[in-house]
Amino acid sequence: MMKTNKRGGSTFQMENNILSTPKGSVTVGESEIRSNRHQTKQKGIKLKKPKSILIAILLIIMGITAIGSGGKEGILNTSVAVLAAVIVDLILAVILKHKIKVPDGAILTGLIIGLVLSSSIPFYQTAITATVAILSKHFLKIKKKPIFNPAAFGLYFAILIFSSGQSWWGGFSLLPSWCIVLLLISGYLITEKVNKFPQVFAFLGTYFLIYLILALTPYNNTVDALDALRNPYINSVLFLAFFMLTDPPTSPAKYKDQVWFGIIVAVVSIIDFALFQGLAYLLVGLLFGNAWKAWQSNWKAKGSRN
């Protein structure tokens, strides 16, 4: 684009931010242009943060499942979980003198807890579950990162202390089977955003392969292995794979480590299911995988120092 101006008998021409004069040319406004571009880029990144996208997805899931199942109890319980998680997170931020910021991590933790717990459990159990989850996030850490997925830690605590029911209704377990397509679509979107496909594929591939093999062996006469491939088990597996397994702070970043992480979580989950049944087996597998990831990171750090 060219602009021509005349001042004091001299001609000035502006083209592509180059100012031409009879005595030469000079680039003008470059720093401002770069600054504006950087700010625009930063705004775009902020709007596309994985946490923001995941919060939006989980809210949509909550709305669909609540409408489809015909009850408001799930929304109320989830609201209690989110509120408790946010309050505890902000209080700890003040006590520990951390920078006060939007508690999107606490919001996510509360949403996941609310979408997993049965909507019929008392509100105080939901609040305590969310509180324990946030406490684990702040105090069970290595290199300033939480060791365990906070939601998984809080949910497992609730099972041990309250024997709380878990319906995993956020996985569309209370809706018609075709709704699983919505879960797959939303799961794809967040997995792509956090770059965790190797991890998710390794987990789901190992999980389904082992159970298909077990279904064809004498083991299936004792415990119906195909149960793990039916609703609500399959719905809970997919929900965990897409929305909990992929948590960046508690899962590996490198592709090779992601594959091992997914395999370990699947194998431990299957072993726990074979021994104890129930829906807690997925949480056990994930927490074991989280511990392995923390150990591996610490071991590699020590090796690099030596």
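This one's a predicted model, so the numbers in the text were calculated from it and none came from an experiment.
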For the student: nearest non-hydrogen atoms of T109 and P150, plus distance: OG1-CB, 4.0 Å
Closest approach of V86 and P103, non-hydrogen atoms and distance? CG1-CG, 3.7 Å
Indicate, with yes or no, if L140 and V284 share a hydrophobic cluster defined by side-chain heavy-atom contacts under 4.5 Å among Ile, Leu, Val, Met, Phe, Trp and Tyr. yes
Pairwise distance CH2(W178) to CG(L182) - rounded to 0.5 angstrom: 5.5 Å
N77 and S119: side-chain donor and acceptor closer than 3.5 Å? no
Any donor-acceptor N/O pair, T246 side chain to K196 backbone, under 3.5 Å: no
Would you say that more than 12 heavy atoms from the other residues, nucleotides or ligands in this model lie under 6.0 Å from the NZ of K145, or not? no
Are any side-chain N or O atoms of Q258 and backbone N or O atoms of A253, one a donor and one an acceptor, separated by less than 3.5 Å? yes
Can you confirm whether T206 sits close enough to V265 that some side-chain heavy atom of one is under 4.5 Å from a side-chain heavy atom of the other? no
So, do W169 and N235 sit near enough that their side-chain heavy atoms are less than 4.5 Å apart? no
Locate the shortest heavy-atom distance separating G110 from V82; write the atom from each residue and the value. C-CG2, 3.7 Å
Considering all heavy atoms of both residues, which atom of V268 and which atom of G285 are nearest to each other, and what is their separation? CG1-CA, 3.8 Å
Straight-line distance of K143 NZ to N298 CG, nearest 0.5 Å: 6.0 Å
I55 CD1 to M62 CE distance, which is reported to the nearest 0.5 Å: 11.5 Å
Same apolar cluster (I L V M F W Y, side chains within < 4.5 Å links), Y255/L204: no
Among the clusters formed by ILVMFWY side chains lying less than 4.5 Å apart, do I91 and V80 turn up in the same one? no
Please indicate whether Y156 has more than 12 foreign heavy atoms, meaning atoms of other residues, nucleotides or ligands, lying under 6.0 Å from its OH. no
Is any side-chain heavy atom of W168 less than 4.5 Å from a side-chain heavy atom of L115? no
From OG (S297) to CD1 (I147), nearest 0.5 Å: 10.5 Å
Intermediate values then yes/no, side chain to side chain contact (heavy atoms under 4.5 Å, CB included), Q199 and S251: CA-CA 9 Å; Q199 187 168 281; S251 63; 3.5 Å; yes
Qualifying salt bridge (charged side-chain N to carboxylate O under 4.0 Å, His left out) pairs with a residue from residues 86-106, counting only residues at least two apart or across chains: K49-D104, K51-D104, D89-K137
How about CZ on F197, more than 12 heavy atoms from neighbouring residues, nucleotides or ligands closer than 6.0 Å, or not? yes
Yes or no on side chain to side chain contact (heavy atoms under 4.5 Å, CB included) for I128 and F157, after CA distance, side-chain angles and deciding distance? CA-CA 9 Å; I128 292 175; F157 170 87; 4.0 Å; yes
N/O donor-acceptor pair under 3.5 Å between T191 side chain and Y188 backbone: no
Kindly compute the distance separating CG (L155) from CG (L240), expressed to the nearest 0.5 Å. 10.0 Å
Can you check whether F243 reaches L108 side chain to side chain, under 4.5 Å on heavy atoms? no
Treating Ile, Leu, Val, Met, Phe, Trp and Tyr as nodes and any side-chain heavy-atom pair under 4.5 angstrom as an edge, say whether V102 and I134 lie in one connected cluster. no
Any side-chain heavy atom of L189 within less than 4.5 Å of one from F242? no
One should read off an interatomic distance between T129 OG1 and I161 CD1, to the nearest 0.5 angstrom, of 10.0 Å
Pairwise side-chain contact, V116 with S167, heavy-atom cut-off 4.5 Å (strictly under): no
Mind listing the closest non-hydrogen atom pair of L282 and S236 along with its distance? CD1-OG, 3.5 Å
Heavy-atom side-chain contact between L117 and S164 under 4.5 Å: yes
Between I263 and F203, does the side chain to side chain contact (heavy atoms under 4.5 Å, CB included) criterion hold? Intermediate values first, please. CA-CA 5 Å; I263 292 173; F203 169 74; over 6 Å; no
Between S136 and F153, the two heavy atoms sitting closest are CB-CD2, 3.5 Å
Starting from L83, can I reach L59 by hopping between I/L/V/M/F/W/Y residues whose side chains sit under 4.5 Å apart? no
Y207 and Y211: ring pair (Phe, Tyr, Trp, His ring centres under 6.0 Å), yes or no, with the steps? CA-CA 6 Å; Y207 180 89; Y211 270 120; 4.9 Å; yes
Determine whether I61 and S186 make a side-chain contact, defined as any pair of heavy atoms from C-beta on separated by less than 4.5 Å. yes
Pairs of donor and acceptor atoms involving the side chains of residues 286-295, under 3.5 Å and at least two apart or interchain, shall be tabulated with distances.
{"from": "N290", "atom 1": "OD1", "to": "N149", "atom 2": "N", "distance (Å)": "2.9"}
{"from": "N290", "atom 1": "ND2", "to": "T250", "atom 2": "O", "distance (Å)": "2.9"}
{"from": "K293", "atom 1": "NZ", "to": "P249", "atom 2": "O", "distance (Å)": "3.1"}

